[in-house]
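Only one structure is covered here, and it is reproduced in the block below.
Position 1 is the first residue of the sequence; numbering continues from there.
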Amino acid sequence: MKRDYPHLCAPLDLGGLVLRNRMCSAPLGATDYSADGTPGPRTQGFYELRARGGAAVVTVSELTVHPETDCSHMLRLGLETPGQLAAFAYVADGIKRHGAIASIELSHAGQYASAYVADASERSGLSFFGPSDGVRADGLPVTALGRDQIASIVRAYGEKAKLARRAGFQMAMVHAGHGWLLNQFLSPYFNKRDDDYGGSLENRVRIVREVLRSVRAAVGPGFPIELRMSGAELFEGGYDIDEGCRIAQALEDLVDLIHVSAGSHQFGFERTHPSMFSDHGCNVPLAARVKQCVKKPVAAIGGLSDPAQMEEIVASGQADVVVMGRALLADPELPNKVMANRGDEVLGCLRCFTCMAERGVTQTRRCAVNPRIGREGEGFETVPVLPARRKNVLVAGGGIAGMVAACTAAERGHAVTLCEAGSELGGILRLERALPFKRDMYELGRSYARRCERLGVDIRLNTPVDAALAERLMPDAVIVAVGSEPLPLPLPCEPGARVVNVEQLYAEGADAGDEPVVLGGGLTGCECALWLAQQGKRVHLVEMGNGLAKDANGRHRPILLERVAQAGIDVQLGTRGTAVRFDGLAVKEPDGVRGVVPGDAVVCAIGQRSRVEAVRALRDAAPFVRVVGDAARPANICTAVYEAHHAALDI
């Protein structure tokens, strides 16, 4: 067959193995593991799903090689723990049986050990080791590793690699990037040693070379070794891309693949894990530079999910392999879709950090786009129903919740009618087309609209659902996904004062003037204020609480707040609006003083409310009725997708 993406679909010989394509799954942390670091059954399903989806390599993350000096609460592998080797063997089997190569990431966090501990207070009693004595950013002391400890760590890399091969893994990734221990030795910022492990580049790469030799001696030939490195640390005092190239050159003789990422745990999280404010592929130029300097294959990573962009990266010689993390959470079938010329069906990652934030809160995984992530083994496959159990399903509302429900029900074989009161599917996601940094959310809506069409859903636009329509259609099941609407502004307004809500601003192009006042400092208000500031407007952001974007997840919030600060937005916390005036917003400040925030218009971003009357009218519309998404309670895309998917499974 003729491939739409021939370079992405081409196999690659790598150290005695053949990759079935050029699309690999980045190391993604396990979803369940015991206190002693043994992977559980959910972990097997988590990694196996990406293998089933067509990835060439699936890398398990992170195997802590030396628990004595690395207190990270991650995976561990040893013969002293009964059943541990078997658990890893099941994980490797789950990957290999779908034609993917099972790889494992060998890691030591160094001074950033405990980075994944959910309760930060637990860290105070732990010991932290690095190349040099120092103090972490959180004030905890770091002790320099002694030579005997270094030798023990080097041996441990080989020992764990040997056990991993025994468990059935076919490849290993040595993590020397992102500020972890080996990167700390490579970095002139962290490494202040005056022995033969510090100073010159030759000395700073010494421990990495010793580790790579230890791994090779343990696993023998025919077992590829992938080196993960930061092409540049991207902070003052760290190494730049020129030295990154020299590091790659100094190590390439010992590896089969050089995986080029970026940044450091302390200084560059957003570059290591590009946010919605970054360009897709923002770190690819680092990989392209390294590829110019080495002879071994190079892998690129960094916010990649678009098949056309990834095809160009490989076709143009910027990299030999593309690696995806969050993109394969959002759509594990991405590689299969590319191989089958179905690239237009890919569901793109939103880069919203739901997946990473959830891990910090509950130590599990959740994805805003994919309701199965982290719950692959719970028996909620989208299995077609028997013909005798097929139902007529009516979905009220064509937002994200309605489209997900319609697609899931149609995939199960039900006859689905999707009614939308407006002239276009997408709901609130339609508004995101106005914001460049949220374009992926708009595209998600378009992707689901196309998916509904492909699945044969009967789509009826300009058709609000009421009890009379439901009675005429006589459905067996109704999923109510009518969404929410903006809360009205509960303030008096002077004649001639200009008030617009966010929906009017984005969808209708309402004029906010050159100096708008955004009332409401939640996630929506902050994003709106940032968008207005990016247009060169003088923006005031008024919030009656003591903080901004408290409804944002813990990973996205600090990045958003940094953008708000950089944009020069006038933020006024603890300030309550009292009236809208012709010349701005009358307010009461924290000290009780009344004043006016000057502005041409007030943009109302105080929240949403469910469409209660529409929901109430459909409560008795069918034997099975389920209310999902914002129609149940205003929340977020993740909640809407999860509720809608499971509602359709329950029919």
Side-chain angles (χ1 to χ4, degrees), residues 391-406 409 416-432 445 448 452 457-493 499-508 510 519-520 522-525 551 603-648 650-651:
K391 308 290 186 183
N392 291 318
V393 178
L394 172 62
V395 179
I400 184 62
M403 291 188 292
V404 169
V416 182
T417 301
L418 173 60
C419 295
E420 162 57 35
S423 60
E424 181 183 358
L425 295 180
I428 287 179
L429 296 187
R430 293 182 297 108
L431 308 180
E432 311 296 10
Y448 263 105
C452 285
V457 173
D458 179 7
I459 300 171
R460 303 184 186 184
L461 301 176
N462 302 304
T463 307
V465 178
D466 56 17
L469 177 62
E471 186 173 350
R472 288 199 303 274
L473 295 177
M474 293 190 298
D476 301 301
V478 173
I479 296 178
V480 184
V482 292
S484 60
E485 58 190 0
L487 286 168
L489 183 65
L491 301 178
C493 298
V499 178
V500 297
N501 62 43
V502 172
E503 186 169 334
Q504 293 168 327
L505 199 65
Y506 296 162
E508 302 170 17
L519 180 59
L523 176 61
T524 298
D551 52 337
V603 179
C604 184
I606 60 175
Q608 299 284 118
R609 64 182 180 186
S610 299
R611 292 191 166 94
V612 178
E613 293 304 320
V615 171
R616 186 177 294 124
L618 297 174
R619 287 290 185 184
D620 299 314
F624 177 100
V625 176
R626 184 74 58 82
V627 183
V628 298
D630 279 7
R633 80 203 68 76
N636 51 44
I637 292 176
C638 182
T639 300
V641 168
Y642 192 84
E643 291 179 350
H645 176 72
H646 285 277
D650 284 347
I651 296 173

dist Glu485:CD -> Asn501:CG (nearest 0.5 Å) comes out at 10.5 Å
Closest heavy-atom pair, Val395 versus Gly402, reported as atoms and distance to 0.1 Å, is CG1-O, 3.4 Å
Under 6.0 Å from the CG atom of Asp620, do we count more than 12 heavy atoms belonging to anything else shown?
-> no
Is there a side-chain contact between Met403 and Val457, using heavy atoms and a 4.5 Å cut-off?
-> no
Pairwise distance CG(Asn462) to CD(Glu424) - rounded to 0.5 angstrom | 11.0 Å
Asp551 side chain vs Leu523 backbone, donor-acceptor pair below 3.5 Å | yes
Compare all side-chain heavy atoms of Asp630 with those of Ile428 and state whether any distance is below 4.5 angstrom.
-> yes
Quick one: do Glu643 and Val627 satisfy side-chain contact (heavy atoms from CB on, under 4.5 Å)? Show the steps, please.
-> CA-CA 9 Å; Glu643 291 179 350; Val627 183; over 6 Å; no
Is there side-chain contact between Leu491 and Leu519, with heavy atoms separated by less than 4.5 Å?
-> yes
Over all heavy atoms of both residues, which pair between Ala510 and Leu505 is shortest? Give the atoms and the distance, please.
-> O-CD1, 3.3 Å
Quick one: closest heavy-atom pair of Val502 and Val603, and the distance?
-> CG2-CG1, 4.2 Å
Say you draw a straight line from CG of Asp466 to CG of Leu469; how long is it, rounded to the nearest 0.5 Å?
-> 6.0 Å
Within a strict 4.5 Å, meaning less than it, do heavy atoms of the Ile637 and Leu429 side chains meet?
-> yes
Provide the closest heavy-atom pair for Leu394 versus Pro475 in the form atom of the first, atom of the second, distance.
-> CB-CB, 3.8 Å
Heavy-atom distance under 4.5 Å between the side chains of Glu420 and Ile459, does that happen here?
-> no
Would the number of heavy atoms belonging to other residues, nucleotides or ligands and lying under 6.0 Å from CD of Glu471 be above 12?
-> no
Quick one: CD on Gln504 to CG on Leu431, what's the gap to the nearest 0.5 Å?
-> 11.0 Å
Work out which heavy atom in Cys493 is nearest to a heavy atom in Val499; give both atom names and the distance.
-> SG-CG2, 3.9 Å
side-chain contact (heavy atoms from CB on, under 4.5 Å) between Leu461 and Ser423, intermediate numbers included | CA-CA 5 Å; Leu461 301 176; Ser423 60; 5.6 Å; no
In this structure, CD of Glu432 is separated from OH of Tyr506 (nearest 0.5 Å) by 7.0 Å
Asp458 side, atom CG; Cys452 side, atom SG - distance, nearest 0.5 Å = 11.0 Å
Would you sort out whether Ile651 and Ile479 count as a side-chain contact (heavy atoms from CB on, under 4.5 Å), showing the intermediate values?
-> CA-CA 10 Å; Ile651 296 173; Ile479 296 178; 3.9 Å; yes
Distance-only, no hydrogens or angles: does the Asp476 side chain make a donor-acceptor pair with backbone N or O of Asn392 under 3.5 Å?
-> yes
Note: Ile400 and Tyr448 closest approach over all heavy atoms is CD1-CD1, 3.7 Å
With sequence neighbours excluded, give me every ring pair (Phe, Tyr, Trp, His ring centres under 6.0 Å) pair touching residues 603-636.
-> none
Could you give me the CA-CA distance, side-chain angles and deciding distance for Leu425 and Leu418, then say whether side-chain contact (heavy atoms from CB on, under 4.5 Å) is met?
-> CA-CA 10 Å; Leu425 295 180; Leu418 173 60; 4.0 Å; yes
Could you tell me whether the side chain of Ser610 reaches within less than 4.5 Å of the side chain of Val615, counting heavy atoms only?
-> no
